[in-house]
There are 2 protein chains.
Amino acid sequence: MSLNSTAKQSLEDALFVKGLRSTKQREIIYEAVLNSEDHPSADLIYSRVKEDMPGISLATVYNCLETLTDCGLIRQVNFERQPSRFCLATAQSAHHAHAHCKNTGKVFDVVLPAQFFDELNKYLPADFQLEKVDLCLSGKQSLSQKN
Amino acid sequence: MSLNSTAKQSLEDALFVKGLRSTKQREIIYEAVLNSEDHPSADLIYSRVKEDMPGISLATVYNCLETLTDCGLIRQVNFERQPSRFCLATAQSAHHAHAHCKNTGKVFDVVLPAQFFDELNKYLPADFQLEKVDLCLSGKQSLSQKN
DNA sequence: AATTGTAATTAGAATGATTCCAATTAAAAA
DNA sequence: TTTTTAATTGGAATCATTCTAATTACAATT
């Protein structure tokens, strides 16, 4: 599998805006996040990516994930003090919350109306410039479920 | 300074429910959180509490903070991968978000209407039992402000 | 194509918040 | 009291992440 040309282009564009280069490592890590539905940790991304690029180092995975996050291409999701997880930052992902199931350990997206997030500003001090909203939900879903 | 009798009682009650004992250390740490407006980290609580109880260990601070959190007396607040911070879990604190200012490093409460949180359930899978909502806002407020 | 300058990657060491552990101490029950 | 059990303690261990110094890759010039 490999990055399709649209994705590749948006990666290159986003990197270029920040004066950064597109590299094999950044590509393959972007691809790994793009193709993951499960909000993988750096470690998991590392092991997935190593299959295609055995020489890649964990440090590079961390570096690239940080770079991609800074470029707004991916999102870093934190639950309590667990290892960070990563997911694609789509246009509408500003309006995603993340739910963590304590039974399965899985994380899934919860799509919320934009208005939900906009409303937050009403309750913030006037001079507070809101940059990032992290809404993390924890709970349990029945163990019998398929997902 | 010392814990007032109402606070002391609710500490004892909450511990009792879980079959736990009320100890000097748990009291003084509960008191430290109760009297802090600044969402202190374990480390900061440690240094504050040591003034009154020089022999207390950092491990105990961590233990007690965990216990108090489990009892629902205090709340653990995490921003990105920074050290956890703690604040009092008041009845209405279920309806607090936390805002982190990147300029000052300070964390403050943002009180939101209960309805805001209730609405979340609409967007969750029916079988998901929501236990905890962490809403963390990051941004900047003008450096010139007094708070 | 070789050279230069700069950015990215790498392996491994370091960091630092937190947790674990085994021993001691304190509290409650008998 | 004595016994039992829970809590605290200091220090070691953990582990995700970051740092560092050296190497490699890239892009722009010659």
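By convention in this document, chain letters (A, B, ...) are assigned in the order of the sequence lines, proteins followed by strands, and residues within each chain are numbered from 1. Note that this is a predicted model, so its numbers are computed, not measured.
A straight line from CG of B/L44 to P of C/dA17 spans 12 Å, rounded to a whole angstrom. One atom, CE of B/M53, and another, P of C/dT25, lie 16 Å apart when rounded to the nearest Å. Distance, B/I56 CD1 to D/dG11 P: 16 Å, rounded to whole Å.
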Distance-only criterion, 3.5 Å: show the donor-acceptor pairs between side-chain atoms of residues 114-124 of chain B and protein atoms not counting sequence neighbours.
none

Run the side-chain donor-acceptor check on residues 58-67 of chain B: report pairs under 3.5 Å with partners two or more places apart or on a different chain.
residue, atom, partner, partner atom, Å
B/T60, OG1, B/S57, OG, 3.0
B/N63, ND2, B/A59, O, 3.3
B/T67, OG1, B/N63, O, 2.9

Distance-only check: which donor-acceptor pairs under 3.5 Å involve side-chain atoms of residues 80-89 of chain A, not counting sequence neighbours?
residue, atom, partner, partner atom, Å
A/E80, OE2, B/K132, NZ, 2.8
A/R81, NE, B/S84, OG, 3.3
A/R81, NH2, B/R81, O, 3.1
A/R81, NH2, B/Q82, O, 2.6
A/S84, OG, A/Q76, NE2, 2.9
A/S84, OG, A/N78, OD1, 2.5
A/S84, OG, B/R81, NE, 3.4
A/R85, NH1, A/D38, O, 3.3
A/R85, NH1, A/H39, O, 2.9
A/R85, NH2, A/G105, O, 2.9

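Both A/A42 and B/L20 sit near DNA chain D, but only B/L20 has its closest nucleotide nearer the 5' end.
Side-chain heavy-atom separations under 4.5 angstrom define the hydrophobic clusters, and the remaining members of the one that includes B/V107 are B/V77, B/F79. B/L44 forms part of no hydrophobic cluster, judged by ILVMFWY side-chain heavy-atom separations under 4.5 Å.
Distances were taken from every side-chain heavy atom of A/S84 (C-beta onward) to each of C/dT10, D/dT8, D/dT17; the shortest belongs to D/dT17. Of the candidate nucleotides D/dT9, C/dT10, C/dA8, C/dT10 has the atom lying nearest to any side-chain atom of A/Q25.
Residue B/T23 places none of its side-chain N or O atoms closer than 4.0 Å to OP1 or OP2 of C/dA27.
The local environment of CD in B/E131 is crowded, with over 12 non-hydrogen atoms from other residues, nucleotides or ligands closer than 6.0 Å.
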Under 3.5 Å, which N/O atoms of the protein pair with N/O atoms of nucleotides 18-25 of chain D?
none

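Using a 4.0 Å heavy-atom distance criterion, B/T60 is classed as a base contact.
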